[in-house]
A.B. asks: 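Handing you a structure now.
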Amino acid sequence: MNQEMEQGLKEALRRKPAPEGFARRVMARLPEQAAAAREMPRTMRPRRAWLAVALAAGLALAAFGGVRYQQYRQGQEAKRQLLLALRITGEMLTLAQNQVAGLNDTAGVGERRGDQ
Amino acid sequence: MREEPAQIEDTLRAAQQGSRGAFAVLVESHQSMVYSLLVHMLGEEAVAEEIAQDVFLELHKNLNAIDSPLHLARWLRTVASRRGIDEVRRRRFRSTYGIEDLPEPQIEPRVRDVLLSAQVRRMLERLPARHRAIVVLRYQEDMEPGEIAVHLEMPVATVKSTLHRALGMLRRACQRTGLGGREFSKREAV
């Protein structure tokens, strides 16, 4: 019975043809990007990979440099505004000092006249 | 369609270089094997086709890891079998009642002969996932236990004992449902 059974199993488990259009449906599901990547010859892949890495690194450096330059420009502008503010404050202080000095002079003259 | 390793060597290389046409030929060369493995394991044609397509998409991703036509066939068998086992377990294809509980066929002997293969496949669907995979690889692909062990990454002794147990379960189911030795021998008349 074993041989008969094994033969029966072989009969029942014979390969069946895949459904019509099976390969076409598989090909339709293939991602285009993967196909495009596969088009690249194998020997080119490492060089292209390094190129991509270098490009990415360059872009990162440029972005970093841009940010740093922007920070430098902002710092310079802040410094300029601070110096301007200090200068204006200094001028105002000088003006106030002069006015105080003028008041003192006027008061001194009045006192001397009163003494006479 | 059995693949001819010598004939598909060039096709494999062309597919690895990016030829979509060559890959389509590889699919056509192996689709019957992959689809049959899955349909015999799962018993549902639509599910089997969907998973078979997934197997070929996975092949496309891993095409450069394939070093020969024989490796290609082995890779496809292995991946299809594992996907089949996973799917059986995931979908709980194995029914809550066992192979021993199959009902007596209520059909005439002549019709029973005609439906013998379908009946065998139905009984196969009652087997646990791994038993089923081993029986399908053994009788569909005509593989020796040693080869099955390599494909499924399990000890040869385990393959042999699992196959023995699976055949025992099928034999008992055959006897119970009246599909004994005589009915099996009638297959030639079908």
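Proteins come first, then strands; the chains are lettered A, B, ... in the order of their sequence lines, and each starts at number 1. The structure displayed is predicted, hence computed values, not measured ones.
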A.B. asks: Given a strict heavy-atom distance threshold of 4.5 Å, which part of A:Arg14 is in contact with chain B: side chain, backbone, both, or neither?
C.D. replies: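 Backbone only.
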A.B. asks: For B:Phe23, enumerate each residue passing the ring pair (Phe, Tyr, Trp, His ring centres under 6.0 Å) test, keeping only those at least two apart in sequence or located in another chain.
C.D. replies: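 Ring pair (Phe, Tyr, Trp, His ring centres under 6.0 Å) check on B:Phe23 returns B:His60.
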A.B. asks: Scan side-chain atoms only and decide if A:Arg73 and A:Gln76 contain a donor-acceptor pair under the 3.5 Å cut-off.
C.D. replies: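 No.
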A.B. asks: At a 4.5 Å cut-off on heavy atoms, which part of B:Tyr35 comes close to chain A: side chain, backbone, both, or neither?
C.D. replies: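 For B:Tyr35, the contact with chain A is made by the side chain alone.
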A.B. asks: Nearest heavy-atom pair of B:Ala65 and B:His71: which atoms, and what distance?
C.D. replies: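 Heavy-atom minimum between the residues: O-CE1, 3.2 Å.
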A.B. asks: Tell me the closest heavy-atom pair linking A:Arg15 and B:Ser32, and the distance in Å.
C.D. replies: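 Closest approach of A:Arg15 to B:Ser32: CB-OG, 3.7 Å.
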A.B. asks: Just one of B:Val150, B:Leu37, B:Leu152 clears the side-chain contact (heavy atoms from CB on, under 4.5 Å) bar with B:Arg77, so which one?
C.D. replies: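 The single option meeting the side-chain contact (heavy atoms from CB on, under 4.5 Å) with B:Arg77 is B:Leu37.
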A.B. asks: Is any residue of residues 48-56 of chain B within less than 4.5 Å of chain A by heavy atoms, and which ones?
C.D. replies: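 Within residues 48-56 of chain B, the residues under 4.5 Å from chain A are B:Glu49, B:Glu50, B:Ala52, B:Gln53, B:Asp54, B:Phe56.
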A.B. asks: Could you report the tightest heavy-atom contact between B:Gln16 and B:Leu63, atom names first, then the distance?
C.D. replies: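 What the structure gives for the nearest pair is NE2-O, 2.9 Å.
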A.B. asks: If I measure from the heavy atoms of chain A, does B:Val135 come under 4.5 Å with its side chain, its backbone, both, or neither?
C.D. replies: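 Contact with chain A is through both the backbone and side chain of B:Val135.
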A.B. asks: Whether the side chain of B:Arg130 engages the backbone of B:Val159 through a donor-acceptor N/O pair (distance < 3.5 Å, no angle test) should be reported.
C.D. replies: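 It does not hold such a pair.
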